[in-house]
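Below: the structure, in C-alpha coordinates.
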Amino acid sequence: MLASVDWHVVWVRIAHPDHVFFLALTRTVYVAVIAQVIGVVLGVAAALMRMSKAAPLRLISGIYVWIFRGTPLLVQIFFVYYGANQLLGFTLIPNSLNVGLFSLDGAIVGGILALGINEGAYMREIVRAGIDSIDKGQMEAAKSLGMRYGLAMRRIVLPQAARVIIPPLGNEFNNMLKNTSLLFTIGVYEMFADAEIGYSNSFQPVEYFLGVAFWYLVLTTVWTFIQAGIERKLAASERGEELSFFERLQAVWNPVSAWRSAR
Amino acid sequence: MTDVVMRAEDVHKRFGRLEVLKGVSLDVSQRETVCIIGPSGSGKTTFIRCINHLEKVDGGRITVNGQLIGYRQKGDKLVEDSEKSIARQRTQIGMVFQRFNLFPHKTALENVIEAPIRVLGQSKEQATEEGVRLLTRVGLGDKTDTYPGKLSGGQQQRVAIARSLAMKPALILFDEPTSALDPEVTGEVLAVMEELAHEGMTMIVVTHEMGFAREAADRVVMMDEGVIIEEGTPEHFFVAPEQERTKQFLSKIL
(Lines give C-alpha, C1' and ligand atoms only; values in the text may rest on other atoms or scores of the structure.)
Protein backbone atom coordinates (compact mmCIF):
# COMPACT_ATOMS: atom_id res chain seq x y z
CA MET A 1 0.00 0.00 0.00
CA LEU A 2 2.72 2.41 0.98
CA ALA A 3 4.25 1.89 -2.41
CA SER A 4 1.36 3.76 -4.01
CA VAL A 5 2.24 6.92 -2.08
CA ASP A 6 4.37 9.36 -4.03
CA TRP A 7 6.83 10.22 -1.27
CA HIS A 8 8.48 12.82 -3.42
CA VAL A 9 5.24 14.85 -3.43
CA VAL A 10 5.00 14.46 0.35
CA TRP A 11 8.57 15.72 0.64
CA VAL A 12 7.88 18.70 -1.59
CA ARG A 13 4.72 19.60 0.35
CA ILE A 14 6.67 19.46 3.60
CA ALA A 15 10.04 20.86 2.68
CA HIS A 16 9.50 22.97 -0.45
CA PRO A 17 5.94 24.29 -0.43
CA ASP A 18 5.19 26.88 -3.08
CA HIS A 19 4.51 30.57 -2.72
CA VAL A 20 0.74 30.10 -2.82
CA PHE A 21 0.93 27.71 0.11
CA PHE A 22 2.80 30.26 2.19
CA LEU A 23 0.18 32.87 1.47
CA ALA A 24 -2.40 30.35 2.70
CA LEU A 25 -0.32 29.65 5.81
CA THR A 26 -0.03 33.37 6.53
CA ARG A 27 -3.78 33.67 6.16
CA THR A 28 -4.35 30.81 8.60
CA VAL A 29 -2.15 32.54 11.16
CA TYR A 30 -3.62 36.02 10.96
CA VAL A 31 -7.19 34.74 10.86
CA ALA A 32 -6.51 32.71 14.02
CA VAL A 33 -4.78 35.62 15.79
CA ILE A 34 -7.49 38.19 15.01
CA ALA A 35 -10.30 35.76 15.85
CA GLN A 36 -8.62 34.86 19.14
CA VAL A 37 -8.21 38.54 20.06
CA ILE A 38 -11.89 39.10 19.35
CA GLY A 39 -12.66 36.00 21.42
CA VAL A 40 -10.66 37.26 24.41
CA VAL A 41 -12.26 40.71 24.29
CA LEU A 42 -15.76 39.22 24.04
CA GLY A 43 -14.89 36.66 26.71
CA VAL A 44 -13.76 39.32 29.20
CA ALA A 45 -16.82 41.45 28.44
CA ALA A 46 -19.17 38.47 28.80
CA ALA A 47 -17.47 37.35 32.01
CA LEU A 48 -17.83 40.82 33.57
CA MET A 49 -21.47 40.90 32.43
CA ARG A 50 -22.00 37.46 33.95
CA MET A 51 -20.71 38.76 37.30
CA SER A 52 -22.63 42.02 37.09
CA LYS A 53 -25.33 43.02 39.54
CA ALA A 54 -27.61 43.94 36.63
CA ALA A 55 -29.85 41.00 35.74
CA PRO A 56 -30.28 41.96 32.04
CA LEU A 57 -26.50 41.87 31.53
CA ARG A 58 -26.26 38.46 33.16
CA LEU A 59 -29.09 37.24 30.95
CA ILE A 60 -27.47 38.51 27.76
CA SER A 61 -24.22 36.84 28.73
CA GLY A 62 -26.04 33.61 29.49
CA ILE A 63 -27.94 33.53 26.20
CA TYR A 64 -24.75 34.29 24.28
CA VAL A 65 -22.90 31.34 25.78
CA TRP A 66 -25.95 29.09 25.57
CA ILE A 67 -26.30 29.64 21.83
CA PHE A 68 -22.67 29.68 20.76
CA ARG A 69 -21.59 26.69 22.79
CA GLY A 70 -24.76 24.81 21.97
CA THR A 71 -24.59 24.92 18.19
CA PRO A 72 -21.93 23.63 15.79
CA LEU A 73 -19.16 26.03 14.84
CA LEU A 74 -19.67 25.15 11.19
CA VAL A 75 -23.32 26.18 11.36
CA GLN A 76 -22.28 29.46 13.01
CA ILE A 77 -19.73 30.14 10.27
CA PHE A 78 -22.31 29.62 7.53
CA PHE A 79 -24.90 31.60 9.45
CA VAL A 80 -22.65 34.59 10.03
CA TYR A 81 -21.16 34.67 6.54
CA TYR A 82 -24.33 34.05 4.53
CA GLY A 83 -27.01 35.15 6.96
CA ALA A 84 -25.79 38.08 9.06
CA ASN A 85 -26.38 40.81 6.47
CA GLN A 86 -29.85 39.52 5.68
CA LEU A 87 -30.76 39.18 9.33
CA LEU A 88 -29.42 42.56 10.41
CA GLY A 89 -30.69 44.46 7.37
CA PHE A 90 -27.36 46.22 6.93
CA THR A 91 -23.95 45.20 5.67
CA LEU A 92 -22.02 43.74 8.56
CA ILE A 93 -19.95 41.50 6.29
CA PRO A 94 -18.74 43.53 3.30
CA ASN A 95 -17.70 42.00 -0.01
CA SER A 96 -14.24 43.17 0.81
CA LEU A 97 -12.69 45.23 3.54
CA ASN A 98 -9.76 47.56 3.00
CA VAL A 99 -7.59 48.27 5.99
CA GLY A 100 -4.64 50.38 4.96
CA LEU A 101 -2.57 48.29 2.58
CA PHE A 102 -4.52 45.13 3.33
CA SER A 103 -7.61 44.06 1.54
CA LEU A 104 -9.64 41.33 3.19
CA ASP A 105 -12.14 39.26 1.29
CA GLY A 106 -15.66 39.24 2.74
CA ALA A 107 -15.39 35.52 3.45
CA ILE A 108 -12.33 36.17 5.58
CA VAL A 109 -14.10 38.94 7.48
CA GLY A 110 -17.15 36.74 8.05
CA GLY A 111 -14.98 33.79 9.00
CA ILE A 112 -12.94 35.78 11.51
CA LEU A 113 -16.11 37.18 13.06
CA ALA A 114 -17.74 33.77 13.36
CA LEU A 115 -14.63 32.19 14.87
CA GLY A 116 -14.16 35.15 17.25
CA ILE A 117 -17.77 35.21 18.44
CA ASN A 118 -17.73 31.46 18.97
CA GLU A 119 -14.43 31.69 20.83
CA GLY A 120 -15.78 34.44 23.11
CA ALA A 121 -18.39 32.03 24.45
CA TYR A 122 -15.68 29.58 25.50
CA MET A 123 -13.37 32.33 26.77
CA ARG A 124 -16.10 33.63 29.07
CA GLU A 125 -15.91 30.58 31.29
CA ILE A 126 -12.12 30.64 31.29
CA VAL A 127 -12.00 34.33 32.20
CA ARG A 128 -14.63 33.88 34.86
CA ALA A 129 -12.79 30.97 36.43
CA GLY A 130 -9.64 33.11 36.38
CA ILE A 131 -11.34 36.03 38.12
CA ASP A 132 -13.06 33.71 40.60
CA SER A 133 -9.70 32.21 41.52
CA ILE A 134 -8.49 35.58 42.84
CA ASP A 135 -9.04 36.03 46.55
CA LYS A 136 -11.96 38.37 47.35
CA GLY A 137 -9.59 40.25 49.66
CA GLN A 138 -7.80 41.66 46.62
CA MET A 139 -10.90 43.54 45.46
CA GLU A 140 -11.61 44.62 49.04
CA ALA A 141 -8.08 45.92 49.52
CA ALA A 142 -8.30 47.84 46.25
CA LYS A 143 -11.68 49.30 47.18
CA SER A 144 -10.49 50.27 50.64
CA LEU A 145 -7.76 52.30 48.93
CA GLY A 146 -10.44 54.24 47.09
CA MET A 147 -10.19 52.40 43.78
CA ARG A 148 -13.37 52.05 41.78
CA TYR A 149 -14.55 48.70 40.43
CA GLY A 150 -13.22 49.21 36.91
CA LEU A 151 -9.80 50.41 38.04
CA ALA A 152 -9.51 47.62 40.61
CA MET A 153 -10.45 45.04 37.96
CA ARG A 154 -7.97 46.42 35.45
CA ARG A 155 -5.02 47.04 37.75
CA ILE A 156 -5.42 44.44 40.49
CA VAL A 157 -7.72 41.54 39.65
CA LEU A 158 -7.32 40.95 35.89
CA PRO A 159 -3.49 41.00 35.90
CA GLN A 160 -3.55 38.29 38.55
CA ALA A 161 -6.32 36.38 36.79
CA ALA A 162 -4.22 36.50 33.60
CA ARG A 163 -1.78 34.05 35.10
CA VAL A 164 -4.63 31.58 35.60
CA ILE A 165 -6.18 32.38 32.23
CA ILE A 166 -3.03 32.09 30.09
CA PRO A 167 -2.59 28.28 30.12
CA PRO A 168 -6.16 27.46 29.01
CA LEU A 169 -6.04 30.44 26.65
CA GLY A 170 -3.03 28.82 25.01
CA ASN A 171 -5.03 25.65 24.51
CA GLU A 172 -7.85 27.68 23.03
CA PHE A 173 -5.50 29.27 20.54
CA ASN A 174 -4.15 25.87 19.64
CA ASN A 175 -7.73 24.86 18.79
CA MET A 176 -8.25 28.11 16.95
CA LEU A 177 -5.28 27.47 14.67
CA LYS A 178 -6.88 24.20 13.66
CA ASN A 179 -10.48 25.44 13.51
CA THR A 180 -9.52 27.99 10.84
CA SER A 181 -9.56 25.02 8.45
CA LEU A 182 -13.38 25.12 8.63
CA LEU A 183 -13.30 28.44 6.78
CA PHE A 184 -12.37 26.51 3.64
CA THR A 185 -16.09 25.72 3.42
CA ILE A 186 -17.02 29.37 2.85
CA GLY A 187 -14.25 29.86 0.34
CA VAL A 188 -11.38 31.24 2.41
CA TYR A 189 -8.12 30.23 0.83
CA GLU A 190 -6.25 29.06 3.93
CA MET A 191 -3.92 26.11 4.45
CA PHE A 192 -6.51 23.40 4.27
CA ALA A 193 -8.12 24.90 1.17
CA ASP A 194 -4.71 24.82 -0.50
CA ALA A 195 -4.34 21.13 0.34
CA GLU A 196 -7.88 20.28 -0.68
CA ILE A 197 -7.47 21.94 -4.04
CA GLY A 198 -4.13 20.21 -4.55
CA TYR A 199 -5.80 16.92 -3.76
CA SER A 200 -8.72 17.42 -6.12
CA ASN A 201 -6.34 18.25 -8.95
CA SER A 202 -4.05 15.28 -8.31
CA PHE A 203 -6.15 12.68 -6.47
CA GLN A 204 -3.24 12.19 -4.09
CA PRO A 205 -4.95 12.45 -0.68
CA VAL A 206 -2.14 11.05 1.41
CA GLU A 207 0.45 13.35 -0.12
CA TYR A 208 -1.55 16.55 0.25
CA PHE A 209 -3.27 15.92 3.57
CA LEU A 210 -0.11 14.55 5.17
CA GLY A 211 1.69 17.65 3.95
CA VAL A 212 -0.85 20.06 5.39
CA ALA A 213 -1.09 18.10 8.66
CA PHE A 214 2.66 18.54 9.00
CA TRP A 215 2.32 22.30 8.69
CA TYR A 216 -0.52 22.48 11.20
CA LEU A 217 1.76 20.58 13.55
CA VAL A 218 4.52 23.12 12.91
CA LEU A 219 2.18 26.01 13.77
CA THR A 220 0.86 24.42 16.96
CA THR A 221 4.36 23.42 18.04
CA VAL A 222 5.76 26.90 17.47
CA TRP A 223 2.82 28.24 19.45
CA THR A 224 3.64 25.90 22.34
CA PHE A 225 7.10 27.44 22.57
CA ILE A 226 5.77 30.99 22.35
CA GLN A 227 3.28 30.22 25.09
CA ALA A 228 6.02 28.80 27.28
CA GLY A 229 7.88 32.10 26.90
CA ILE A 230 4.82 34.17 27.77
CA GLU A 231 4.10 32.11 30.86
CA ARG A 232 7.69 32.33 31.97
CA LYS A 233 7.55 36.12 31.82
CA LEU A 234 4.25 36.22 33.68
CA ALA A 235 5.52 33.97 36.43
CA ALA A 236 8.67 36.04 36.75
CA SER A 237 6.79 39.30 37.20
CA GLU A 238 4.38 37.61 39.57
CA ARG A 239 6.91 36.17 41.94
CA GLY A 240 9.90 38.29 41.19
CA GLU A 241 11.91 35.27 40.21
CA GLU A 242 12.91 33.48 37.05
CA LEU A 243 11.67 30.02 36.30
CA SER A 244 13.77 28.02 33.90
CA PHE A 245 12.54 27.64 30.36
CA PHE A 246 12.04 23.92 30.86
CA GLU A 247 9.99 24.37 34.00
CA ARG A 248 7.69 26.61 32.01
CA LEU A 249 7.60 24.18 29.12
CA GLN A 250 6.60 21.51 31.57
CA ALA A 251 3.85 23.80 32.79
CA VAL A 252 2.47 24.06 29.28
CA TRP A 253 2.43 20.32 28.71
CA ASN A 254 1.10 19.55 32.14
CA PRO A 255 -0.18 22.54 34.12
CA VAL A 256 -1.47 20.47 37.02
CA SER A 257 1.75 18.68 37.85
CA ALA A 258 3.79 21.84 37.37
CA TRP A 259 1.48 23.72 39.69
CA ARG A 260 1.83 20.99 42.29
CA SER A 261 5.59 20.90 42.06
CA ALA A 262 5.73 24.69 42.36
CA ARG A 263 3.90 24.65 45.69
CA MET B 1 -17.49 67.88 69.85
CA THR B 2 -15.89 69.04 66.69
CA ASP B 3 -13.02 66.62 66.69
CA VAL B 4 -15.09 63.48 66.22
CA VAL B 5 -13.63 61.59 63.27
CA MET B 6 -15.97 58.61 63.24
CA ARG B 7 -19.44 58.54 64.60
CA ALA B 8 -21.63 55.43 64.51
CA GLU B 9 -25.24 55.81 65.54
CA ASP B 10 -27.41 52.77 66.25
CA VAL B 11 -25.84 50.68 63.47
CA HIS B 12 -27.69 47.55 62.47
CA LYS B 13 -26.52 44.87 60.10
CA ARG B 14 -28.00 41.54 59.19
CA PHE B 15 -26.81 38.69 57.01
CA GLY B 16 -29.99 37.04 55.87
CA ARG B 17 -31.88 36.15 59.03
CA LEU B 18 -28.89 36.55 61.30
CA GLU B 19 -28.69 39.95 62.94
CA VAL B 20 -24.98 40.61 63.43
CA LEU B 21 -25.12 44.20 64.67
CA LYS B 22 -28.02 45.14 66.90
CA GLY B 23 -27.54 48.84 67.38
CA VAL B 24 -23.91 49.85 67.77
CA SER B 25 -23.08 53.45 68.66
CA LEU B 26 -19.54 54.70 69.02
CA ASP B 27 -17.68 57.99 68.67
CA VAL B 28 -13.99 58.07 67.91
CA SER B 29 -12.15 61.37 68.24
CA GLN B 30 -9.15 62.68 66.44
CA ARG B 31 -5.83 61.16 67.59
CA GLU B 32 -7.70 58.52 69.53
CA THR B 33 -6.90 54.79 69.42
CA VAL B 34 -9.84 52.56 70.18
CA CYS B 35 -9.47 48.81 70.59
CA ILE B 36 -12.49 46.63 69.99
CA ILE B 37 -12.39 43.29 71.76
CA GLY B 38 -14.91 40.51 72.04
CA PRO B 39 -15.47 36.85 71.25
CA SER B 40 -15.64 35.72 67.63
CA GLY B 41 -19.07 36.22 66.18
CA SER B 42 -19.64 39.29 68.32
CA GLY B 43 -19.79 41.51 65.22
CA LYS B 44 -16.60 43.53 65.77
CA THR B 45 -15.13 42.79 62.33
CA THR B 46 -18.48 43.40 60.66
CA PHE B 47 -18.72 46.71 62.47
CA ILE B 48 -15.41 48.10 61.24
CA ARG B 49 -16.15 46.80 57.73
CA CYS B 50 -19.29 48.92 57.84
CA ILE B 51 -17.21 52.01 58.57
CA ASN B 52 -15.69 51.96 55.06
CA HIS B 53 -18.80 50.48 53.51
CA LEU B 54 -17.31 47.10 52.65
CA GLU B 55 -20.53 46.02 54.33
CA LYS B 56 -23.73 48.02 53.88
CA VAL B 57 -25.44 48.98 57.09
CA ASP B 58 -29.12 48.09 57.25
CA GLY B 59 -30.02 50.62 59.91
CA GLY B 60 -28.49 53.58 61.70
CA ARG B 61 -25.77 55.76 60.25
CA ILE B 62 -22.02 56.14 60.19
CA THR B 63 -20.22 59.39 59.52
CA VAL B 64 -16.53 60.01 58.99
CA ASN B 65 -15.41 63.62 59.27
CA GLY B 66 -19.07 64.55 59.27
CA GLN B 67 -19.73 62.81 55.96
CA LEU B 68 -22.39 60.13 55.86
CA ILE B 69 -20.76 56.91 54.69
CA GLY B 70 -22.24 54.92 51.83
CA TYR B 71 -25.57 56.71 51.73
CA ARG B 72 -27.02 60.07 50.92
CA GLN B 73 -30.13 61.73 52.21
CA LYS B 74 -32.97 61.78 49.72
CA GLY B 75 -36.04 63.37 51.26
CA ASP B 76 -36.44 61.59 54.56
CA LYS B 77 -34.89 58.39 53.23
CA LEU B 78 -31.32 57.21 52.84
CA VAL B 79 -30.32 55.85 49.44
CA GLU B 80 -27.05 54.14 48.66
CA ASP B 81 -24.47 56.54 47.31
CA SER B 82 -22.87 56.27 43.87
CA GLU B 83 -19.88 53.99 43.50
CA LYS B 84 -17.78 57.03 42.68
CA SER B 85 -18.51 58.94 45.88
CA ILE B 86 -18.17 55.80 48.02
CA ALA B 87 -14.73 55.31 46.48
CA ARG B 88 -13.87 58.93 47.27
CA GLN B 89 -14.97 58.50 50.89
CA ARG B 90 -12.81 55.41 51.23
CA THR B 91 -9.68 57.36 50.33
CA GLN B 92 -9.77 58.91 53.80
CA ILE B 93 -10.39 55.61 55.60
CA GLY B 94 -7.43 53.25 55.64
CA MET B 95 -7.86 49.56 56.26
CA VAL B 96 -5.42 46.87 57.33
CA PHE B 97 -6.69 43.33 56.89
CA GLN B 98 -6.14 40.19 58.89
CA ARG B 99 -4.75 38.45 55.83
CA PHE B 100 -2.75 41.50 54.59
CA ASN B 101 -4.29 41.39 51.09
CA LEU B 102 -1.18 42.79 49.48
CA PHE B 103 -1.19 42.74 45.69
CA PRO B 104 1.04 39.74 44.93
CA HIS B 105 1.90 40.88 41.39
CA LYS B 106 3.39 44.14 42.65
CA THR B 107 6.52 44.84 44.65
CA ALA B 108 6.31 46.27 48.15
CA LEU B 109 6.85 49.78 46.78
CA GLU B 110 4.37 49.28 43.92
CA ASN B 111 1.81 48.15 46.47
CA VAL B 112 2.31 51.38 48.37
CA ILE B 113 2.30 53.79 45.42
CA GLU B 114 -0.48 52.22 43.32
CA ALA B 115 -3.41 54.07 44.89
CA PRO B 116 -1.66 57.42 45.46
CA ILE B 117 -0.88 57.49 41.72
CA ARG B 118 -4.08 55.99 40.31
CA VAL B 119 -6.58 57.40 42.81
CA LEU B 120 -5.05 60.59 44.20
CA GLY B 121 -3.32 61.47 40.95
CA GLN B 122 0.13 61.93 42.46
CA SER B 123 3.12 61.90 40.14
CA LYS B 124 5.19 58.73 40.14
CA GLU B 125 8.21 60.59 41.54
CA GLN B 126 6.22 62.12 44.37
CA ALA B 127 4.50 58.85 45.25
CA THR B 128 7.76 56.91 45.08
CA GLU B 129 9.56 59.35 47.36
CA GLU B 130 6.75 59.15 49.89
CA GLY B 131 6.47 55.37 49.46
CA VAL B 132 10.14 54.79 50.18
CA ARG B 133 9.88 57.05 53.21
CA LEU B 134 6.89 55.09 54.54
CA LEU B 135 8.49 51.72 53.94
CA THR B 136 11.60 52.94 55.74
CA ARG B 137 9.43 54.11 58.59
CA VAL B 138 7.94 50.62 59.03
CA GLY B 139 11.45 49.19 58.90
CA LEU B 140 11.36 47.87 55.34
CA GLY B 141 13.47 50.42 53.49
CA ASP B 142 15.57 47.60 52.07
CA LYS B 143 12.57 45.63 50.76
CA THR B 144 11.09 48.15 48.33
CA ASP B 145 11.63 45.93 45.27
CA THR B 146 10.64 42.66 46.95
CA TYR B 147 7.42 40.89 46.02
CA PRO B 148 5.00 40.02 48.86
CA GLY B 149 5.56 36.31 48.26
CA LYS B 150 9.16 36.75 49.43
CA LEU B 151 8.24 38.60 52.63
CA SER B 152 7.34 37.12 56.00
CA GLY B 153 3.85 37.65 57.37
CA GLY B 154 5.06 40.38 59.70
CA GLN B 155 6.83 42.17 56.87
CA GLN B 156 3.76 41.87 54.64
CA GLN B 157 1.55 43.38 57.29
CA ARG B 158 3.97 46.28 57.74
CA VAL B 159 3.86 46.89 53.97
CA ALA B 160 0.06 46.85 54.25
CA ILE B 161 0.25 49.51 56.97
CA ALA B 162 2.55 51.63 54.80
CA ARG B 163 0.16 51.18 51.85
CA SER B 164 -2.65 52.42 54.02
CA LEU B 165 -0.65 55.41 55.32
CA ALA B 166 0.27 56.46 51.77
CA MET B 167 -3.31 57.64 51.27
CA LYS B 168 -2.95 60.02 54.25
CA PRO B 169 -6.19 58.77 55.77
CA ALA B 170 -8.08 60.51 58.56
CA LEU B 171 -8.63 57.14 60.20
CA ILE B 172 -7.21 53.63 59.89
CA LEU B 173 -9.21 50.50 60.60
CA PHE B 174 -7.29 47.41 61.69
CA ASP B 175 -9.10 44.10 61.35
CA GLU B 176 -7.29 41.65 63.64
CA PRO B 177 -3.96 42.66 62.12
CA THR B 178 -1.89 40.10 64.01
CA SER B 179 -4.26 37.13 64.12
CA ALA B 180 -2.78 35.51 61.02
CA LEU B 181 0.81 35.99 62.17
CA ASP B 182 3.25 33.67 63.88
CA PRO B 183 3.68 34.70 67.53
CA GLU B 184 7.34 35.66 67.02
CA VAL B 185 6.51 38.32 64.41
CA THR B 186 3.40 39.87 65.97
CA GLY B 187 5.69 42.11 68.03
CA GLU B 188 7.18 43.91 65.02
CA VAL B 189 3.70 44.74 63.68
CA LEU B 190 2.37 45.84 67.06
CA ALA B 191 5.45 48.06 67.53
CA VAL B 192 4.67 49.90 64.29
CA MET B 193 1.04 50.29 65.32
CA GLU B 194 1.99 51.58 68.77
CA GLU B 195 4.26 54.14 67.19
CA LEU B 196 1.42 55.28 64.94
CA ALA B 197 -0.90 55.56 67.90
CA HIS B 198 1.60 57.65 69.84
CA GLU B 199 2.12 59.91 66.84
CA GLY B 200 -1.57 60.68 66.92
CA MET B 201 -3.05 58.61 64.12
CA THR B 202 -6.74 57.95 64.66
CA MET B 203 -7.14 54.20 64.82
CA ILE B 204 -9.85 51.62 65.40
CA VAL B 205 -8.29 48.26 66.11
CA VAL B 206 -10.09 44.95 66.34
CA THR B 207 -7.67 42.82 68.30
CA HIS B 208 -7.14 40.25 71.01
CA GLU B 209 -3.74 41.69 71.91
CA MET B 210 -4.39 43.07 75.37
CA GLY B 211 -0.74 44.02 75.65
CA PHE B 212 -1.21 46.36 72.71
CA ALA B 213 -4.43 47.71 74.21
CA ARG B 214 -2.58 48.45 77.44
CA GLU B 215 0.30 50.23 75.70
CA ALA B 216 -1.50 52.12 72.96
CA ALA B 217 -5.26 52.28 73.40
CA ASP B 218 -7.03 55.32 74.77
CA ARG B 219 -10.22 53.35 75.06
CA VAL B 220 -11.26 49.72 74.90
CA VAL B 221 -14.67 48.62 73.70
CA MET B 222 -16.09 45.20 74.48
CA MET B 223 -18.60 43.79 72.00
CA ASP B 224 -20.77 40.75 72.45
CA GLU B 225 -23.65 39.44 70.35
CA GLY B 226 -23.85 42.52 68.16
CA VAL B 227 -23.82 45.22 70.83
CA ILE B 228 -21.23 47.13 72.83
CA ILE B 229 -21.55 45.84 76.38
CA GLU B 230 -18.79 47.77 78.10
CA GLU B 231 -16.26 50.48 77.35
CA GLY B 232 -13.55 52.22 79.26
CA THR B 233 -9.85 52.79 79.60
CA PRO B 234 -7.48 49.82 79.30
CA GLU B 235 -6.90 50.09 83.06
CA HIS B 236 -10.60 49.74 83.67
CA PHE B 237 -10.59 46.46 81.77
CA PHE B 238 -7.51 45.13 83.51
CA VAL B 239 -8.44 46.17 87.00
CA ALA B 240 -12.17 46.08 87.37
CA PRO B 241 -14.35 45.11 84.42
CA GLU B 242 -18.00 45.38 85.37
CA GLN B 243 -19.79 42.94 83.15
CA GLU B 244 -19.69 39.24 83.94
CA ARG B 245 -19.39 38.50 80.22
CA THR B 246 -16.31 40.74 79.97
CA LYS B 247 -14.65 39.06 82.95
CA GLN B 248 -15.23 35.66 81.40
CA PHE B 249 -13.84 36.76 78.06
CA LEU B 250 -10.76 38.43 79.53
CA SER B 251 -9.99 35.44 81.74
CA LYS B 252 -9.83 33.34 78.57
CA ILE B 253 -7.51 35.57 76.56
CA LEU B 254 -5.22 36.96 79.25
Side-chain angles (χ1 to χ4, degrees), chain A residues 48-49 51-54 57 127 130-167 169 230-243 247-248 251 258-263, chain B residues 48-49 51-55 80 82-108 110-121 143 145-151 159-160 163-169 171-175 180:
Chain A
L48 293 177
M49 283 166 76
M51 298 186 304
S52 159
K53 280 181 201 156
L57 294 182
V127 172
I131 293 173
D132 275 349
S133 74
I134 305 306
D135 187 80
K136 299 282 168 288
Q138 291 292 309
M139 182 54 98
E140 289 188 348
K143 281 184 171 173
S144 76
L145 289 164
M147 296 172 87
R148 296 180 63 181
Y149 177 82
L151 183 64
M153 254 309 157
R154 195 158 50 81
R155 296 285 304 173
I156 305 302
V157 177
L158 284 177
Q160 293 180 60
R163 194 174 64 101
V164 183
I165 292 169
I166 292 278
L169 170 64
I230 294 172
E231 289 189 23
R232 188 163 47 123
K233 271 195 136 169
L234 258 170
S237 69
E238 168 93 6
R239 295 181 216 164
E241 67 186 42
E242 284 288 325
L243 277 178
E247 282 171 306
R248 280 289 109 194
W259 178 72
R260 286 212 184 101
S261 68
R263 305 269 295 183
Chain B
I48 66 164
R49 286 168 60 85
I51 296 173
N52 68 352
H53 204 61
L54 284 181
E55 306 288 354
E80 191 170 19
S82 69
E83 193 223 352
K84 190 176 176 182
S85 66
I86 292 170
R88 196 180 314 116
Q89 291 176 339
R90 285 186 180 130
T91 59
Q92 42 170 344
I93 309 169
M95 188 159 207
V96 174
F97 297 85
Q98 184 178 358
R99 303 224 33 106
F100 330 132
N101 296 350
L102 290 183
F103 308 134
H105 60 307
K106 295 182 180 297
T107 63
E110 286 167 350
N111 264 276
V112 175
I113 66 177
E114 176 72 15
I117 294 173
R118 300 277 160 179
V119 178
L120 300 181
K143 300 285 186 191
D145 297 329
T146 309
Y147 284 85
K150 295 272 176 222
L151 295 173
V159 174
R163 178 174 72 175
S164 195
L165 288 172
M167 297 297 285
K168 301 200 168 43
L171 164 73
I172 302 185
L173 311 169
F174 293 82
D175 181 12

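Chain identifiers are assigned alphabetically (A, B, ...) following the order of the sequence lines, protein sequences preceding nucleic acid strands; residue numbering begins at 1 within each chain.
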If you tally heavy-atom pairs under 4.5 Å against chain A, which of S164(B), A115(B), A166(B), A87(B) wins? A87(B)
Between R118(B) and chain A, with a heavy-atom cut-off of 4.5 Å, which part of the residue counts as in contact: side chain, backbone, both or neither? both
Residue pair H53(B), K143(A): steps toward the side-chain contact (heavy atoms from CB on, under 4.5 Å) verdict: CA-CA 10 Å; H53(B) 204 61; K143(A) 281 184 171 173; over 6 Å; no
Examine whether an atom of E114(B) lies under 4.5 Å from a heavy atom of chain A, and if so say whether it belongs to the side chain, the backbone or both; otherwise answer neither. side chain
State, yes or no, whether a side-chain contact exists between Q138(A) and P104(B) at a heavy-atom distance under 4.5 Å. yes
With a 4.5 angstrom heavy-atom cut-off, could you sort out which part of L102(B) is near chain A: side chain, backbone, both or neither? backbone
Please step through side-chain contact (heavy atoms from CB on, under 4.5 Å) for the pair L145(A) and R163(B), ending with a clear verdict. CA-CA 9 Å; L145(A) 289 164; R163(B) 178 174 72 175; 3.7 Å; yes
Less than 4.5 Å to any heavy atom of chain A: does that hold for the side chain of F103(B), its backbone, both, or neither? both
Using a 6.0 Å cut-off, check whether atom NZ of K84(B) has over 12 heavy atoms from anything other than its own residue. no
Can any side-chain N or O of N101(B) pair as donor or acceptor with the backbone N or O of G137(A) at less than 3.5 Å? yes
Of the listed M167(B), M95(B), E83(B), the one with the largest count of heavy-atom pairs under 4.5 Å with chain A is E83(B)
Rounded to the nearest 0.5 angstrom, the OG-CD1 distance for S144(A) and I172(B) is 10.5 Å
For K106(B) and I156(A), work out which heavy atoms get closest and say how close. CE-CD1, 4.0 Å
Is there a donor-acceptor pair under 3.5 Å between the side chain of H105(B) and the backbone N or O of V157(A)? no
dist R148(A):CZ -> S85(B):OG (nearest 0.5 Å) comes out at 9.0 Å
Given the options N52(B), L54(B), I86(B), T146(B), which has more heavy-atom pairs under 4.5 Å with chain A than any of the others? L54(B)
Do M147(A) and R90(B) have side chains that get closer than 4.5 Å, going by heavy atoms? no
